[in-house]
Amino acid sequence: MDHIQGQADPEEQSGGAAGLPPALPAKAGHVPAPAPVGPARVVTLTAGEFTLTVNPVDGSEIEPLRPGTRPGRPAKRDAAARTARAAAARPPVLPGPPVPARPLLEREEERERLVRLLGRGRSVRLTGPSGSGRTALLDAVAAQCAGLAPDGVVRLSGHGHQQPAELLQALYATVYEASDQRPDRIELLARVRDIGAIVLLDDLEMGGPALDELLHATPECAYLLAATPETRSPSDDSHIEEVFLGGLGKADCLELLETRLGRPLTDLETAWASDLRFASEGLPLRFVQAAALLRQRDELNHTAEDDDEEEPGVFDERPRDAVEVPLPTLAEGAAPAELLASRVSESARAALRIACALGGELPHHAHLPALVGDTHADSAVSELLDCGLLTPVGTRYRLAAGVARQLEEVGYGDTAAEEARTAARHYAWWTGHSSVTPERVAAEADAVLCALSGADVVAAVLLARTAAPAFAASRHWEAWERVLRSGAEAARKAGEVAEQAYFHHELGVLALCEGRLDRARAELETSIGLRGALADKRGTVAGRRALALVVDREAAEVAASPPLRLEAPALPRLRRPRPCPRPRLPPRPAFPARPSPRPWQPLLPPWPRLPRCPPPSRRP
């Protein structure tokens, strides 16, 4: 069964472990070589004005659309298709007993206000701390807003998105039926402008100008944005309503605890829950975890009572006086991850170690038997979800808020490098198998990227080489670019020149599809140089074809918009004004010419001699 998409495959009925290919390794430590990539992985897409052929051998090939092959305007999905796609976008059904749904308590006023604002076409930002029940409130609002907009209700996840481009592409793929098309920016903005839907965007991580760009691109959509207080706030010109989601009251906390526990609380448990409500500010997640602590306590005490009723054997040295497990302390109730993890199964603890190594991302439960080494490890997800250690994020699960930090403090992150290496080698085998569709690989994008960042260079190159074509074929190009950059860096460190040339070629093709010609030229020239050093003729030819297309695009842009001329414009010739007549001065008087002095004569006349005065008379 395809557990990611929620549909049954014919090939799974004959065998296979949890929907994986039949060649699944029996042990977690033994990972076979990746399956050879066959022609089934070659996919042809329409990317804007180009035809992109994803070729995992020599590199993707790109060429302009031929005349008459441009696809027409895509059609929108009807109500039945939207319902089927929404069902496939929900978290997968887990094996084992069903996990009870979390009741929505003391949220009627917030739900009615959100539905009323969305019905008027207003966008709302729902702000609340992690664990306050934002996702549960979004589910309740989605059920009441199903028929308010012509294009229905669209559920998106903003986890890991800092720019609106990928969110707009996800919105386009949800509303329009275009499985083999990825429009360029101009066409994308023209298509999403006509979408009239109520968009529920959970785990928002962007704000400011990026959020303004998302709202301006879709003027006919009403958004319900769920974010934490640490998320950057929208700008003042966005005109978004703010709704803050706080904690629950004392009565609602006790009701939630009794509902999850399945029995009424004792007086001692009621006092403990009241103190926990004050310490945790009434967050629903803390009481889901507190109910799991009380259930585990009841199971331990009930097991001890059953053991006391049995008669001990002759050689049984079990003590007859059983010790009752006390209530958790207030500190254990506020940070219960360590105590909860110590009382779950070994497979569940191994899954927690894998999640800590992958930055909080938990792989799909179909991968856990191979990663853990236990054939029944897929049931660990429902066990952890029932304890409140996991939270749904789109079509997958990740550790709840604060759980990863609490587990790493008690040693769950000590084997992170080994767990990441094992996950990277497993995903390298899985993504390279010909029976795995690109859509299933895209659903595991976050776990694959985390395994890629934590693995060694050899495993990282192997995983990036097999996962990159799948992300390209699934039109998840943000993950495609991240995988290519990580693979190029790992290949450089490992000294794999051929793999490094492949990654640079793919980065150049990606930049060309997105219209970044300068980046495309730099990446393709780097790839051509590396392949020329390896005497790879086929790869060099593919790179030169793409580079020639870059040159043509640059020439077309120059012809369409010539550079500005900096020379001064020609001015009309003006008549030169006539010069003013100079006034006539009277002639100078003529002086007699002096004879030229001789060389030994001075130029000035000699001083006249004064008469010599007689000496004064002397009197006797």
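Every heavy atom of this structure was used, including side-chain atoms; hydrogens, water molecules and symmetry mates were not. Since the structure is predicted, the reported quantities are computational estimates derived from the model, not experimental observations.
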Okay, side chain of [X], backbone of [Y]: is any donor-acceptor separation there less than 3.5 Å?
X	Y	answer
Ser486	Val483	no
Glu506	Glu481	no
Asp151	Gly196	yes
Arg519	Ala511	no
Arg492	Gln500	no
Glu499	Ala491	no
Arg516	Leu510	no
Arg425	Ala459	no

Indicate the atoms forming the closest heavy-atom contact of [X] with [Y], along with that distance.
X	Y	result
Glu383	Ala348	OE1-CB, 3.9 Å
Thr540	Gly532	OG1-N, 4.0 Å
Leu285	Ala400	CD2-CB, 4.0 Å
Ile62	Cys513	CD1-SG, 3.5 Å

Just how far is it from atom CG of Asp518 to atom CD of Glu554, taken to the nearest 0.5 Å?
6.5 Å
Test side chain to side chain contact (heavy atoms under 4.5 Å, CB included) on Arg531 and Tyr502 and set out the steps.
CA-CA 9 Å; Arg531 284 177 167 174; Tyr502 169 81; 4.1 Å; yes
Would you say [X] has more than 12 foreign heavy atoms packed within less than 6.0 Å of its [atom1]?
X	atom1	value
Ile186	CD1	no
Arg77	CZ	yes
Arg134	CZ	yes

Given side chain to side chain contact (heavy atoms under 4.5 Å, CB included), test Leu524 with His505 step by step and report yes or no.
CA-CA 5 Å; Leu524 290 174; His505 174 85; 3.9 Å; yes
How would you list, by chain and number, every residue that makes a salt bridge (charged side-chain N to carboxylate O under 4.0 Å, His left out) with Arg545, sequence neighbours excluded?
none
With Arg85 via salt bridge (charged side-chain N to carboxylate O under 4.0 Å, His left out) - residues at least two apart:
none
Walk me through it: do Arg185 and Glu213 pass the test salt bridge (Lys or Arg N to Asp or Glu O under 4.0 Å)?
CA-CA 13 Å; Arg185 179 175 177 80; Glu213 183 180 352; 2.9 Å; yes
If you apply the rule salt bridge (Lys or Arg N to Asp or Glu O under 4.0 Å), what do you find for Lys493 with Asp456, and how did you get there?
CA-CA 10 Å; Lys493 294 180 180 178; Asp456 58 285; over 6 Å; no
Using the side chain to side chain contact (heavy atoms under 4.5 Å, CB included) rule, take Trp477 and Glu514 through it: C-alpha gap first, then chi angles, then the decisive distance, then the call.
CA-CA 10 Å; Trp477 283 8; Glu514 295 180 346; 4.3 Å; yes
Mutual orientation of the aromatic rings belonging to His367 and His364 [parallel < 30°, tilted 30-60°, perpendicular > 60°]
perpendicular
His161 and side-chain hydrogen bond (donor to acceptor under 3.5 Å, both in side chains): which partner among Glu478, Glu205, Glu166?
Glu478
Could you go through the side chain to side chain donor-acceptor pair (under 3.5 Å) check for Thr231 and Thr228 one step at a time?
CA-CA 6 Å; Thr231 307; Thr228 58; 3.2 Å; yes
Please test Thr466 against Thr431 for side chain to side chain donor-acceptor pair (under 3.5 Å), starting from the C-alpha separation and ending with a verdict.
CA-CA 6 Å; Thr466 57; Thr431 56; 3.0 Å; yes
I would like to know whether Tyr172 and Leu168 meet side chain to side chain contact (heavy atoms under 4.5 Å, CB included); could you show each step before the answer?
CA-CA 6 Å; Tyr172 170 83; Leu168 292 176; over 6 Å; no
Could you walk me through whether Arg405 and Glu408 satisfy the salt bridge (Lys or Arg N to Asp or Glu O under 4.0 Å) test, starting with their C-alpha distance in whole Å, then the side-chain angles of each, then the deciding distance to 0.1 Å, before giving a yes or no?
CA-CA 5 Å; Arg405 177 183 53 81; Glu408 289 175 356; over 6 Å; no
Aromatic ring proximity Trp429/His426, centre distance under 6.0 Å
yes
Hey, are the side chains of Phe50 and Val509 touching, using non-hydrogen atoms and a 4.5 Å cut-off?
no
Pair Glu418, Arg421 - check salt bridge (Lys or Arg N to Asp or Glu O under 4.0 Å), show working.
CA-CA 5 Å; Glu418 183 180 355; Arg421 185 186 308 109; 5.8 Å; no
Partners of Arg396 by side-chain contact (heavy atoms from CB on, under 4.5 Å), sequence neighbours excluded?
His159, Glu361, Val393, Asp446
